[in-house]
J.: 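Here you go, one structure.
Given the structure is predicted, the values throughout are model-derived calculations rather than measurements. Proteins come first, then strands; the chains are lettered A, B, ... in the order of their sequence lines, and each starts at number 1.
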Amino acid sequence: MSGGYTILSLDEAQTATHRDCTLIPVRHHLRFRAAGVNAWKADAGDQLVPPHSEDPGMEELYVVVSGRATFTVDDETTSAPPGSLIFVPPGIHRRAEAAEDGTIVFAIGGAVGRAFESSGWGNAITANLAAEDIDLWYVHYDAGCHEVSARRSDDAFEHLRHAKELDSEGESAAYFREDSRLDPLRDDPRFQDLLA
Amino acid sequence: VNLVHVDELDAIEMPEGFVWRPVRRHFGIRAFGTNAYTPGANGQIVEEHTEEQLGHEEVYLVLRGRVRFTIDGNDHELGPGQLVFVRDPSLRRGGVALTEDAAVLAVGGKPGEAHEISTWEYVFVASPYVQADRWAEAERLMQEGLEEKPGDPALLYHFACLEARAGKPDAALEHLLAAVEAGERFREYAQTDEDFVSIRDDPRFPR
């Protein structure tokens, strides 16, 4: 996790439940900032990617990593073995079910012509992970950032203090120092404890 | 359904030894950068490079087979469903396939900025034509790149390189001068670049 790079095994990463599907919040685990990256996993017959369409301008690419997925895009259904890449333009309805146990699909998304920003959807995932009290420092750190944007300072400090306690390697220190999302808290005396 | 299998994508063999599988270009994706790679004859699958020039964060996901990544001097052997995320653009990274069937997907971009198509995509896609002395096709791709990225110094420079090799000194000098005007570092590159042997004695050549 240190030294400017991170290795992650999708089938071992912490998951979250989103609309009855199993999400691997990859972007969240990596703190990747350049695009939306996530993965979904399911066993045979289960929903893999929840039915949805993306907002205008949002392009999405799905990549089958393991198992086999049955994709339905705009009412057309196809079977996708590992190594398949499926591109879905904005506004088109899509969903996928797993056709084999241990199916994993990697998803990349972003908006045309604008910088990537984590969505309300991404923040909801963060809040869910934190509510499940997962003991990863950055889950609580992100939840804290989310509380700052919602102008709930007391809740933000609670999450951020918890993040600092969980971070045994001191990886969070640079984030506390530099992350502009925390700027609204910096004049609060409680913030000094986070920097100590 | 707009589906393609990684093995059905164009396979562009690069001189550095890896095979580039253009994903973004295949689908016409504009929101983010993504490409796949398979090994060339020497087993290289991800070119040894840094992202310092572009400032990109990059994720490399193994889709199939086994790959030994070397990141900042450290070796990591990864299999299907494992990825390495290189946050620091200055870290040197590369990958060698340990199995012939290996395939890697790369996703990258610059945090906080809208995605721009990278200049190297046009250079890569033109590479087989350049290697085969098929100048008209290569020039058409440089033209396409300049329509997307007008005035891009690296594209102007590559355009000049292949025009010089194609025996078009006037066009080559015009593009080279424009490249140097837009990016001073290209003046230095041009002094020793073998592609410019045919035009280096021309009085118009930038010194």
J.: What part of A:Ala35 gets closer than 4.5 Å to chain B, counting heavy atoms only: side chain, backbone, both or neither?
T.: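 Interface part for A:Ala35: side chain.
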J.: Only pairs of heavy atoms separated by less than 4.5 Å count here; which of B:Leu83, B:Val86, B:Val107, B:Val84 has the most with chain A?
T.: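 With the most close heavy-atom pairs to chain A, the winner is B:Leu83.
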J.: Quick check on the interface: out of A:Val64, A:Val37, A:Thr78, who has the most heavy-atom pairs with chain B under 4.5 Å?
T.: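 So the answer, after comparing A:Val64, A:Val37, A:Thr78, is A:Thr78.
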J.: Looking at B:Glu77, I'd like to know if its CD atom is crowded, meaning that more than 12 non-hydrogen atoms belonging to other residues, nucleotides or ligands lie closer than 6.0 Å.
T.: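 Counting neighbours around CD of B:Glu77, more than 12 heavy atoms of other residues, nucleotides or ligands fall under 6.0 Å, so yes.
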J.: At a heavy-atom separation under 4.5 Å, does B:Glu57 approach chain A through its side chain, its backbone, both, or neither?
T.: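 Contact with chain A is through both the backbone and side chain of B:Glu57.
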J.: Should B:Arg87 and A:Arg31 count as side-chain neighbours, where that means a heavy-atom distance under 4.5 Å?
T.: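 Yes, side chains in contact.
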J.: Side chain, backbone, both or neither: which part of A:Phe106 has a heavy atom under 4.5 Å from chain B?
T.: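 Contact with chain B involves the side chain of A:Phe106 alone.
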J.: For A:Ile108, is it the side chain, the backbone, both, or neither that has a heavy atom closer than 4.5 Å to a heavy atom of chain B?
T.: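 Answer is both: backbone and side chain atoms of A:Ile108 are under 4.5 Å from chain B.
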J.: Answer with side chain, backbone, both or neither: which region of A:Ile92 has an atom nearer than 4.5 Å to a non-hydrogen atom of chain B?
T.: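 For A:Ile92, neither part sits under 4.5 Å from chain B.
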J.: Let me know if B:Thr34 has heavy atoms under 4.5 Å from chain A in its side chain, its backbone, both or neither.
T.: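 Contact with chain A: side chain only.
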J.: Look at atom CZ of A:Arg151 and say whether more than 12 heavy atoms of other residues, nucleotides or ligands are closer to it than 6.0 Å.
T.: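 No, not enclosed.
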J.: Given side chain to side chain contact (heavy atoms under 4.5 Å, CB included), test A:Leu85 with B:Asn2 step by step and report yes or no.
T.: CA-CA 8 Å; A:Leu85 304 122; B:Asn2 195 354; over 6 Å; no
J.: Does the pair B:Arg30/A:Glu59 count as a salt bridge with the N-to-O cut at 4.0 Å?
T.: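 Answer for the salt bridge query: no.
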J.: If the test is side-chain contact (heavy atoms from CB on, under 4.5 Å), which one of A:Ile86, A:Asp74, A:Thr77 qualifies with B:Val1?
T.: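 With B:Val1 as partner, side-chain contact (heavy atoms from CB on, under 4.5 Å) holds for just one option, A:Ile86.
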J.: Relative to chain B, which segment of A:Ser66 carries a heavy atom at a distance below 4.5 Å: side chain, backbone, both, or neither?
T.: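 Contact with chain B involves no heavy atom of A:Ser66 at all.
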J.: Are the side chain of B:His5 and the backbone of A:Ala80 linked by a donor-acceptor contact shorter than 3.5 Å?
T.: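 Judged by distance alone, no pair lies under 3.5 Å.
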J.: Flag the one option from B:Asp7, B:Ile29, B:Val6 with the top tally of heavy-atom pairs under 4.5 Å to chain A.
T.: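 Option with the top pair count is B:Ile29.
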J.: Shorter than 4.5 Å, heavy atoms on both sides: which option in B:Leu63, B:Ile71, B:Asn74, B:Leu105 has the most such pairs with chain A?
T.: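 Greatest number of close heavy-atom pairs with chain A: B:Ile71.
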J.: Can the ring centres of B:His76 and A:Tyr5 be said to be less than 6.0 Å apart?
T.: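 Yes, they do, as the ring centres are separated by less than 6.0 Å.
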J.: By a 4.5 Å heavy-atom criterion (distance strictly below it), what part of A:Val26 contacts chain B: side chain, backbone, both, or neither?
T.: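 Contact with chain B involves the side chain of A:Val26 alone.
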